[in-house]
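Here the structure is laid out as structure tokens; the discussion comes afterwards.
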Amino acid sequence: MVKLVFHSDIDYLEDWLPPLRRLLPELDAKKSADVSDPASIDVALIWTPPPRIEQYCNLKAILSLGAGVDQLDLKKLPKGVPLARLKDPSLTEGMKAYCMLAVLRYHRDFHIYERFSREGGPWRFDLPKPAAKRRIGILGLGELGASIASHLASAGFAVAGWARTPRQIPGVTTHHGWERLDALAAGSDILINLLPLTAETEGILSRKLFSQMPEGSYLINVGRGRHLIEDDLLVALRSGQLSGATLDVFRKEPLPPDHPFWREPNILITPHVATSANPETAAQQVVQNIERALRGETLLNQVDRDRGY
Ligand code: NAP
Ligand code: GLV
């Protein structure tokens, strides 16, 4: 019997249990609220840490329910327990669809026609720009950033990306290191943030970065809310330095009703729905990692806790 604790306020054990049990029939999984003996638990499958995580003193692995792990507050997790993040084909597919939709909305001026439609005209248009003339910059070229970069490049856009270390992606111009961030920004008519939130990347979407982007450019933030300096975005939008922003993630979620972003005409808000894991496809990695943890092996997609991703 393998004992697992499940903890999340946005995912449901009822969705995960059938696909997990199909692959690992001897699994005994409980929600954190139903665990009476935390010391008996082998593995945690969690979005955020369960209450009193220190009492789960025999954990062999912590498995994130998300691609990101910052919400787990790495410093507070028990030391020495390996942590893995989720890579899931459905999650990547969902992010590809979201980013393509958000890019096309700006590329084909739908954000403008949405306003004309609400306001009763005018009947006015600019001829569409060819995709090859629209430069898309992507911050982060990992599992998600690299897939989105290839997807947009194959749709004909001029795509560049930025990572910490050198990356090669066919059809995509790549940059790496802080000294190349300004080059990426300067060539981004639409900038998509797909970085993990770490001590290094927090606040990267700032006045400085916006001032390096072409005047009238657009931001799509699907990384984390704390990547963005919120007041800097409002200043950039109100001055026309940026023409619009599509935001899926926020410093505080749900976004409070009195937050100024709700009333900013050039911000499109989505409620952290860009993508999520599908238990039917992601269960395989979870079960492989449970088996690896029990054998004392390195996990798939194990997080480097010092690096933060
Ligand atoms: P990943 O595979 O770990 O990729 C991270 C990328 O960011 C890598 O290319 C990495 O560079 C780069 N990076 C990290 N720190 C950097 C730095 N200091 N400077 C430059 N580049 C840096 O992560 P992923 O699976 O693509 O996911 C990315 C993030 O998307 C997650 O952490 C999460 O926050 C967010 N996300 C959001 C949603 C949503 O619904 N909104 C859903 C899923 C994920 P190297 O390649 O050199 O390592
Ligand atoms: C969602 O935001 C994730 O990190 O998977």
Side-chain angles (χ1 to χ4, degrees), residues 8-11 45-48 63-74 83-99 101-102 137-151 160-169 172 174-185 191-205 209 219-228 245-251 253-255 268-279 281-282 285-286 299-309:
S8 174
D9 51 5
I10 54 172
D11 309 273
L45 179 59
I46 56 181
W47 170 247
T48 50
L63 309 178
S64 172
L65 281 161
V69 292
D70 55 284
Q71 69 284 351
L72 287 164
D73 200 348
L74 303 194
L83 165 68
R85 63 195 203 81
L86 211 53
K87 270 194 203 175
D88 168 42
S90 304
L91 186 141
T92 305
E93 207 55 47
M95 188 60 90
K96 274 160 76 171
Y98 182 101
C99 290
L101 178 60
I138 301 183
L139 300 175
L141 292 174
E143 171 67 15
L144 298 177
S147 301
I148 275 81
S150 299
H151 191 46
W162 181 75
R164 204 172 49 83
T165 56
R167 298 275 136 189
Q168 285 196 332
I169 304 168
V172 176
T174 56
H175 305 275
H176 69 277
W178 288 102
E179 59 289 354
R180 297 295 297 158
L181 181 58
D182 50 355
L184 189 280
L191 183 71
I192 304 177
N193 175 41
L194 271 164
L195 287 166
L197 180 68
T198 66
E200 285 196 7
T201 64
E202 180 158 8
I204 188 172
L205 305 176
L209 189 76
L219 172 71
I220 297 170
N221 186 20
V222 276
R224 286 289 187 258
R226 277 163 53 202
H227 284 128
L228 175 66
T246 300
L247 307 177
D248 185 55
V249 285
F250 302 89
R251 285 177 177 260
E253 295 179 7
L255 188 66
L268 176 67
I269 292 167
T270 56
H272 200 147
V273 288
T275 191
S276 55
N278 175 354
T281 48
Q285 184 200 302
V286 170
L299 304 181
L300 300 172
N301 308 312
Q302 187 160 325
V303 171
D304 177 337
R305 286 173 64 165
D306 294 328
R307 204 177 58 170
Y309 74 99

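Just so you know, ligand 1 is whichever comes first in the structure, and atom 1 is the first atom listed for that ligand.
In this structure the side chain of Leu144 reaches within 4.5 angstrom of the side chain of Leu91, judged on heavy atoms. Between Val69 and Pro196 there is no side-chain heavy-atom pair separated by less than 4.5 Å. Using a 4.5 Å heavy-atom cutoff, the side chains of His272 and Val249 are in contact. A heavy-atom distance below 4.5 Å is not found between the side chains of Thr198 and Arg307. Side-chain contact between Thr201 and Tyr309 is absent, with no heavy-atom pair separated by less than 4.5 Å. Residues Leu139 and Leu191 meet the side-chain proximity criterion, which asks for heavy atoms closer than 4.5 Å.
Between Leu299 and Ala84, the shortest heavy-atom distance links the atoms CD1-CB, 3.8 Å. Summarising the geometry of Thr275 relative to Gly94, their closest heavy-atom pair is OG1-CA, 3.4 Å, with the distance given to 0.1 Å.
At a 4.0 Å heavy-atom cut-off, the residues surrounding ligand 2 are Trp47, Gly66, Ala67, Gly68, Leu91, Arg224, His272, listed by chain and number. The contact shell of ligand 1, taken as protein residues with any non-hydrogen atom closer than 4.0 angstrom, comprises Ala67, Gly68, Arg85, Met95, Gly140, Leu141, Gly142, Glu143, Leu144, Gly145, Trp162, Ala163, Arg164, Thr165, Arg167, Trp178, Leu194, Leu195, Pro196, Glu200, Thr201, Val222, Gly223, Arg224, Asp248, Val249, His272, Ala274, Thr275, Tyr309.
Separating the CD1 atom in Ile220 from the CG atom in Leu205 is a distance of 12.0 Å, to the nearest 0.5 Å.
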